[in-house]
2 protein chains.
Amino acid sequence: MSIKKIPESTISRLFVYLRELSELSKLNIRTISSSELGERVNLNDAQVRKDLGYFGQFGISGSGYDINELKAALEKILGKDKTWNVAVIGAGHLGSALITYPGFQQHGLNVVTAFDADVKKIGKRFGGITIQPAGELPKAVKEKKIAIGIIAVPAKDAQEVANSLVKSGVECILNFAPTVLSVPENVKVNNVDLSRALETFSYFLVNPALSGRVNKAVSGKK
Amino acid sequence: MSIKKIPESTISRLFVYLRELSELSKLNIRTISSSELGERVNLNDAQVRKDLGYFGQFGISGSGYDINELKAALEKILGKDKTWNVAVIGAGHLGSALITYPGFQQHGLNVVTAFDADVKKIGKRFGGITIQPAGELPKAVKEKKIAIGIIAVPAKDAQEVANSLVKSGVECILNFAPTVLSVPENVKVNNVDLSRALETFSYFLVNPALSGRVNKAVSGKK
DNA sequence: GTATATTTGTGAAAAATTGCACAAAGTCTG
DNA sequence: CAGACTTTGTGCAATTTTTCACAAATATAC
Ligand SMILES: NC(=O)c1ccc[n+]([C@@H]2O[C@H](COP(=O)([O-])OP(=O)(O)OC[C@H]3O[C@@H](n4cnc5c(N)ncnc54)[C@H](O)[C@@H]3O)[C@@H](O)[C@H]2O)c1
Ligand SMILES: NC(=O)c1ccc[n+]([C@@H]2O[C@H](COP(=O)([O-])OP(=O)(O)OC[C@H]3O[C@@H](n4cnc5c(N)ncnc54)[C@H](O)[C@@H]3O)[C@@H](O)[C@H]2O)c1
């Protein structure tokens, strides 16, 4: 392992490899080559090897990677041997889906509290989690050792929530609100911009670079 | 406008600029410079100018960009003057949040149908949309001119749903299932990988490159 | 055991993206 | 209206990311 800078996109792909390796492991397959793995996740074989190469040597020339070994190595690298506590702020449509999603727990991410500003929501329960008043956040972050905050409030309230999280000491924020948050540089923000992910299609539909007949725009709007 | 290839990241940023311009327009601000706009969205000023430069010249030396003019130009470029019909497949926790989200409509993306394989879900209504049986999808895509499909089913069922969408002629798929989909190359898939977005934090928490006190891992798991 | 096949790990090349820096264009001040 | 600022648009440089390509290592066939 060197001091070279590791691209964030590499980290992101390691999770994809890991997921694939878990599937393969369940199927009792023992080894896989970088090209087979790459094919399964739509990536170049060299990309797979280079990504792994940032962290060491895991393969065997001529036969590839031992799936269980590589899986274990990636779990270690990615911190899967630890668990982290997560808070959801905003228990609306999206927030409540996130609170009850069992998949996060399987990955060592435990949603342990949720907050809302609306008195009608406070006290409600979603899958074992009771919604608390937003004002309780700073105290809860400390008491429950929250490492990650998920912002699922309307855009206009998102910065305020981010400030509160930062002030309480949370350094990882997953933001679902369609707005750009300002945070100190020690804080890591991941934006999940659903509208943008969907809107992007409208550009591709209007500029059909390649491809054939697509359903046409329904109207000229406005 | 040249024949130069436009980075997909540019398209993505244009939506961010547009969102910011809409806010500014509401505040009755008239003009903005690339550096001010860049600052608001955490980007370099040259980046802003270069992104816009792919599509033409919109600014005035010495004073910047007319907000309403640039907004209108971006809306045109991004296809915001059109509307598109969207189908949601999988009306579970996430799917139902997406079906009822009013923000998509504001961007010209109308969720007009939703499907589920579970008989208990069929016939249920979410904000004006009645859940239909999954088998109806091909017919509905044609009849309702669906241009975009949103996959919100469990990972194991996602490929099958993708196949069905593709076969019915849908060329844009937003995929929420944590799996890599195989589709023909004329089909555009955007993956929203929430688990990955959240899991990424665990790597950063384990490898605190910079920064100070973070809440520690809660346990050593497993 | 030798020859042939695979497949890794990694420099080096290629491609893509971002940032610099500056001429040209436009604004503002007095 | 002259001179001082401001800000755009863009070639070019720097950086980052991806891909190629090949020596070295291991496996397989006979
Ligand atoms: N639901 C979707 O499918 C969807 C899609 C794209 C983007 N989003 C974005 O995700 C965010 C949440 O969406 P949603 O549909 O769940 O909205 P929602 O209106 O259903 O829920 C938002 C919740 O946040 C709470 N809230 C408001 N201010 C708060 C504060 N300061 N502290 C704590 N709680 C507060 C509200 O009381 C409400 O319960 C929004 O920013 C939205 O734009 C949602
Ligand atoms: N809910 C979350 O917060 C969350 C977070 C991360 C990822 N995801 C992913 O998003 C997807 C949906 O999650 P969810 O929580 O809404 O799941 P869910 O179980 O609540 O809903 C899934 C729905 O899909 C339906 N379905 C199954 N097979 C189908 C088919 N072939 N055709 C049509 N419908 C079908 C099921 O009947 C169910 O109603 C999953 O892949 C999940 O891993 C969800």
Side-chain angles (χ1 to χ4, degrees), chain A residues 1-17 20-21 24 29-71 73-74 77 180 185 200 209, chain B residues 1-17 20-21 24 29-71 73-74 77 180 185 200 209:
Chain A
M1 209 185 303
S2 71
I3 334 122
K4 213 190 290 170
K5 226 193 107 206
I6 296 161
E8 196 154 331
S9 48
T10 287
I11 304 303
S12 185
R13 283 189 297 266
L14 292 185
F15 284 102
V16 177
Y17 304 151
E20 209 63 30
L21 291 169
L24 292 164
I29 299 169
R30 295 299 187 77
T31 63
I32 193 167
S33 67
S34 57
S35 62
E36 286 170 314
L37 181 54
E39 199 166 342
R40 294 182 71 100
V41 299
N42 292 327
L43 290 169
N44 183 289
D45 59 326
Q47 179 84 80
V48 173
R49 294 197 299 279
K50 183 138 287 187
D51 284 340
L52 299 175
Y54 284 110
F55 297 93
Q57 307 192 165
F58 306 100
I60 296 165
S61 298
S63 63
Y65 301 87
D66 180 291
I67 287 175
N68 287 319
E69 223 169 77
L70 183 56
K71 177 166 170 278
L74 289 180
I77 291 165
V180 178
E185 65 171 60
T200 307
Chain B
M1 210 187 302
S2 70
I3 334 121
K4 215 190 293 171
K5 226 195 107 205
I6 297 160
E8 197 154 328
S9 48
T10 288
I11 304 303
S12 185
R13 284 189 296 267
L14 292 185
F15 285 102
V16 178
Y17 304 150
E20 208 62 31
L21 292 169
L24 292 164
I29 298 169
R30 296 299 189 79
T31 63
I32 194 168
S33 67
S34 57
S35 62
E36 286 170 313
L37 181 53
E39 200 166 341
R40 294 182 72 101
V41 299
N42 291 326
L43 291 168
N44 183 288
D45 59 327
Q47 179 86 79
V48 173
R49 294 198 298 280
K50 184 141 289 186
D51 284 339
L52 299 175
Y54 284 109
F55 297 93
Q57 306 193 167
F58 306 100
I60 297 165
S61 299
S63 63
Y65 301 87
D66 180 291
I67 287 175
N68 287 320
E69 223 168 78
L70 183 56
K71 178 164 170 280
L74 289 181
I77 292 164
V180 178
E185 65 170 58
T200 307

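- Rounded to a whole Å, the CG atom of Leu52(B) is 16 Å from the C1' atom of dG19(C).
- Base pairing analysis places dA23(D) opposite dT8(C); the two distances defining the Watson-Crick or G-U wobble pair are each below 3.5 Å.
- Listed candidates were dT26(D), dT17(C), dA21(C). Nearest to the side chain of Ser61(A) is dT26(D).
- Counting non-hydrogen atoms under 4.0 angstrom, Thr10(B) reaches nothing in the nucleic acid.
- Phe58(B) and Phe55(B) make their closest contact through CZ-O, 3.6 Å (heavy atoms, listed as atom of the first residue, atom of the second, distance).
- Of all non-hydrogen atoms in Thr10(A) and Tyr54(A), the two that sit nearest each other are OG1-CE1, 3.6 Å.
- Applying the side-chain hydrogen bond (donor to acceptor under 3.5 Å, both in side chains) test to Gln57(B) and every residue at least two apart in sequence or in another chain returns nothing.
- Atoms NZ (Lys5(B)) and P (dT18(D)) sit 13 Å apart, rounded to a whole Å.
- For dG9(C), the base has no donor-acceptor partner in the side chain of Lys50(A) [N/O atoms by modelled type, under 3.5 angstrom].
- In terms of phosphate contacts, Arg13(B) brings a side-chain nitrogen or oxygen within less than 4.0 Å of OP1 or OP2 of dT18(C).
- Here dC22(C) sits opposite dG9(D) as a Watson-Crick or G-U wobble pair (both hydrogen-bonding atom distances under 3.5 Å).
- The heavy-atom pair separating Ser33(B) from Tyr65(B) by the smallest distance is C-CD1, 4.4 Å.
- Between the CZ atom of Phe55(A) and the P atom of dT10(C) there is a distance of 14 Å, rounded to whole Å.
- Here dC22(C) is the nucleotide among dA12(C), dT8(C), dC22(C) with the atom lying nearest to any side-chain atom of Arg49(B).
- Minimum atom distance to the side chain of Ile60(A) is reached by dT26(D), of the listed dT18(D), dT26(D), dT8(C).
- Nucleotide dT17(D) holds its P atom 14 Å from the CG atom of Leu14(A), rounded to whole Å.
- Closest heavy-atom contact between Ile29(B) and Ile67(B): O-CD1, 3.5 Å.
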Practice task
For side-chain contact (heavy atoms from CB on, under 4.5 Å), just list the numbers for Glu20(B) and Ile32(B), CA-CA rounded to whole Å, side-chain angles, deciding distance to a tenth of an Å, and then say yes or no.
Solution key: CA-CA 11 Å; Glu20(B) 208 62 31; Ile32(B) 194 168; over 6 Å; no

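- Applying the 90° cutoff around 0 to the glycosidic angle, dA5(C) is assigned syn.
- At whole-Å resolution of the value, OH in Tyr65(A) and P in dG9(C) are 4 Å apart.
- Residue Asp66(A) contributes atom CG, which lies 15 Å from atom C1' of dA27(D) at whole-angstrom precision.
- In this structure, Tyr54(A) atom OH and dG11(C) atom P are separated by 12 Å, rounded to whole Å.
- Separation of atoms OH (Tyr17(B)) and CG (Leu37(B)) is listed at 7.0 Å; rounding is to 0.5 Å.
- Note: Ser35(B) OG to Asp45(B) CG = 5.5 Å, rounded to the nearest 0.5 Å.
- A heavy atom closer than 4.0 Å to some atom of DNA chain D occurs in Ser33(B), Ser34(B), these being the qualifying members of residues 29-48 of chain B.
- Nucleic acid contact for Gly59(B): sugar-phosphate only, since backbone atoms but no base atoms lie under 4.0 Å from a heavy atom of the residue.
- Atom pair Glu8(B):CD and dT18(C):P shows a separation of 12 Å (rounding to whole Å applied).
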